[in-house]
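Single-structure report; data block below.
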Amino acid sequence: MALCGGRVVTAGDKGVLRAWDKTSNKCVQQQNTPALKREFVNLVPYKTGVLAVTFDQNILVYNKDLEIEKNLIGYNDEIIDIKPAMEGHLALATNSEQIRIINSETLATTVLSGHTGTVLSIDTNPEHDLLASSSKDNTVIIWKCEDSCYRQVATCTGHTSAVSGVAWSHLPENIFLVSVSSDLTLKLWQPAKGNIQKLHKTKCVYTVKAHEKDINCVTVSPNDKFIITGSLDKTAKVWSADKGNLLGVLRGHKRGIWSARFSPVDQCVLTSSGDALIKLWRLSDYSCIRTYEGHSASVLNCQFTSLGRQIVSCCADGLIKLWDTQTSECVTTLDGHTDKCWALMATEDSIISGAADSLLCFWKDVTAEEEEEEIREEQVQCEQQQELRNLLFDGKLAAAFALSLALNMPYKCLGVAQKILELDDGSSQLRSLIENLQMDQIESLLEYLATWNTNSKHTIIAQNVLFALLSSSQSQSFASNSKLRVHWEALIPYTERHFERLTKLQQQATFLQYTWDRMKLSEV
């Protein structure tokens with residue numbers, strides 16, 4: 001119950017909102033019975049209307065006339081398929097009977113109801129503002145977008161089992177639709193005489209038995225001449241679109257095929273399978289020309305992107321990989337899902353993925369930004385290195401020492417420390433320089449010392465800098481700083497080794513001096 005504009009709004013067990021007058025205690029307005037029954041858990045006043053929270057974690061925004069203005073989805077369930085819808089929107093199949101049309105910027109959602117079984121696949125035809133959906137209810141429904149709203153215009157019946165895949169043709173003329181089903185058949189549907197105005201008279205043109213086991217996917221080639229299907233029988237088959245004749249069989253996968261795609265630029269086909277492999281096939285002789293290895297689980301979807309130069313794929317462990325088509329190398333791995341990643345949609349500069357964890361992830365291509373950032377960093381580093389050379393040339397050793405620390409150049413810092421120690425008052429200058437260092441600079445210097453100390457050639461300089469560091473007024477705070485502990489521990493073994501070496505050298509030098517003195521006495 002919510003107080004809204006002098007009225008009390010309540011929600012009943014049938015998902016119907018009612019507005020009551022506070023003074024007369026009478027119902028003054030009642031919402032029409034919605035097509036989709038909703039179970040409300042809370043009502044909150046919002047502007048002139050009301051916010052309604054549903055049991056399935058969605059928020060519905062109603063105006064003062066109890067009409068839905070906005071639908072915010074809080075839980076998507078398992079996202080099975082994603083396709084681009086009308087401008088700025090996405091169409092989602094989410095393991096339910098409804099199709100969700102989501103605004104990609106505001107995430108406002110509208111729901112399309114028409115199926116009586118779980119929607120398994122969707123596809124869109126942007127040229128004619130069409131959407132097709134297939135379901136476990138054995139039907140394919142065609143939707144048309146009018147006035148920024150989809151309405152059902154045709155229902156295609158004929159399959160005897162769940163319709164697992166659906167795909168539109170691409171060219172504007174002679175439009176058609178293909179579907180595949182667990183009944184092992186491929187069907188092609190077309191409006192009367194291919195006329196887009198006669199979608200309501202869509203009929204099945206032909207039916208062919210396509211595979212020996214359940215068919216998982218279907219795709220139409222960019223020129224509308226070929227159709228490819230992938231099945232649990234471990235094969236993908238290429239068909240002629242006009243008559244449904246079998247043209248070729250792609251064999252090589254060891255498990256069922258989950259996805260099959262035509263290249264947008266070349267005469268080749270991409271398939272992904274439960275054997276964790278992605279294969280690229282040549283259409284001229286139906287031979288495998290490349291295999292992409294790297295996934296550790298079933299590859300559930302794959303697509304071409306970047307005009308065919310790259311491939312994006314997703315698998316049952318939730319990982320998404322981007323591949324270079326020519327080198328077969330994995331360019332990057334995207335980790336954003338915790339469960340099976342079923343759905344992929346690749347655009348020019350982004351990737352959208354959906355998975356069984358109910359997450360819809362938007363990935364942006366930041367390659368250009370990273371390259372620009374690398375160029376800027378290289379330019380800044382080049383300028384700083386030139387500044388360091390100028391400081392050394394001018395004899396400003398203290399400034400050069402601090403800058404070499406900032407640039408993370410340990411051996412340049414070693415050379416500067418050596419030049420300081422070569423001065424007449426080098427030790428005192430080094431101590432005064434270290435006194436002015438900040439704690440992060442001291443941490444970097446200790447890391448450098450641990451590196452220098454491993455080489456006997458640099459031991460003298462390292463021990464001089466270490467002595468100056470321990471003689472500084474800041475040495476009292478070193479013991480309580482846990483970040484410095486690892487560097488002190490790295491210094492101790494080599495310092496002890498150098499001490500033992502110098503002690504033996506001193507003993508040998510003393511013995512040699514004694515022997516020489518005795519030889520001179522014997523001569524006398």
Side-chain angles (χ1 to χ4, degrees), residues 380-519:
V380 170
Q381 190 173 13
C382 184
E383 293 173 354
Q384 290 176 332
Q385 289 177 358
Q386 182 59 49
E387 182 182 358
L388 179 60
R389 286 191 287 268
N390 294 340
L391 291 173
L392 290 173
F393 182 79
D394 295 337
K396 299 178 180 179
L397 299 180
F401 188 84
L403 184 57
S404 60
L405 279 175
L407 294 177
N408 194 21
M409 302 175 68
Y411 288 99
K412 183 67 72 173
C413 187
L414 174 68
V416 176
Q418 183 176 5
K419 288 187 177 183
I420 293 175
L421 290 171
E422 289 173 354
L423 300 175
D424 295 337
D425 58 343
S427 298
S428 61
Q429 283 195 32
L430 187 61
R431 281 195 294 272
S432 62
L433 175 61
I434 290 175
E435 285 285 351
N436 298 321
L437 294 180
Q438 302 295 323
M439 190 54 66
D440 59 334
Q441 293 176 309
I442 291 175
E443 184 179 355
S444 298
L445 182 57
L446 271 175
E447 186 179 354
Y448 296 171
L449 287 174
T451 303
W452 302 344
N453 204 39
T454 59
N455 194 325
S456 58
K457 294 191 297 183
H458 307 144
T459 303
I460 301 301
I461 302 172
Q463 293 298 322
N464 274 281
V465 176
L466 181 60
F467 179 75
L469 190 61
L470 293 173
S471 302
S472 67
S473 60
Q474 301 187 66
S475 60
Q476 301 297 326
S477 62
F478 292 167
S480 59
N481 193 322
S482 59
K483 292 183 179 180
L484 303 182
R485 189 185 303 275
V486 64
H487 303 307
W488 292 120
E489 292 174 351
L491 278 166
I492 291 172
Y494 281 96
T495 300
E496 291 177 345
R497 186 181 301 178
H498 294 318
F499 180 75
E500 291 175 1
R501 180 174 56 82
L502 291 174
T503 301
K504 290 181 181 179
L505 184 62
Q506 185 180 22
Q507 291 173 351
Q508 292 172 357
T510 302
F511 179 75
L512 183 62
Q513 184 65 39
Y514 171 77
T515 304
W516 176 249
D517 291 341
R518 297 301 297 173
M519 290 173 64

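Positions are given from 1, in the same order as the sequence printed here.
- Enclosure of atom CD in Gln506 is not indicated, since only 12 or fewer non-hydrogen atoms of other residues, nucleotides or ligands lie within 6.0 angstrom.
- Under the 4.5 Å side-chain criterion, counting only non-hydrogen atoms from C-beta, Leu421 is not in contact with Ile460.
- Counting only heavy atoms from C-beta outward, the side chains of Gln441 and Gln438 approach each other to under 4.5 Å.
- The closest side-chain heavy-atom distance from Arg518 to Thr515 is not below 4.5 Å.
- Lys412 is not listed as a side-chain neighbour of Leu403, based on a closest heavy-atom distance of 4.5 Å or more.
- Taking 4.5 Å as the limit, every side-chain heavy atom of Val416 sits out of range of all side-chain heavy atoms of Leu391.
- Using a 3.5 Å distance cut-off with no hydrogens or angles, the side chains of Thr459 and Asn453 do not pair a donor with an acceptor.
- In terms of modelled atom types and a separation under 3.5 Å, the side chain of Glu496 and the main chain of Pro493 share no donor-acceptor contact.
- Put simply, the side chain of Thr503 reaches to within 4.5 Å of the side chain of Gln507, judged on heavy atoms.
- The minimum heavy-atom distance between Ala417 and Ile461, with the atom names listed, is CB-CG2, 4.1 Å.
- Other residues, nucleotides and ligands place no more than 12 heavy atoms under 6.0 Å from the CG atom of Asp424.
- Side-chain atoms of Pro410 and Thr451, non-hydrogen and from C-beta on, never get closer than 4.5 Å to each other.
- A distance-only check finds no donor-acceptor pair linking the side chain of Asp394 to the backbone of Lys396 [under 3.5 Å].
- Here the closest non-hydrogen pair linking Leu405 and Tyr448 is CD2-CE1, 3.3 Å.
- For the residue pair Ala462 and Leu449, the shortest heavy atom distance occurs at O-CD2, 3.5 Å.
- Between the Trp516 side chain and the Phe511 main chain, no donor and acceptor come within less than 3.5 Å of each other.
- Ser404 and Phe401 get closest at one heavy-atom pair: OG-O, 2.7 Å.
- Of all non-hydrogen atoms in Arg431 and Ala468, the two that sit nearest each other are CG-CB, 3.7 Å.
- Counting heavy atoms from C-beta on, the side chains of Leu414 and Val465 never come closer than 4.5 Å.
- Taking each heavy atom of Ser428 and Asp425 in turn, the nearest pair found is OG-O, 2.8 Å.
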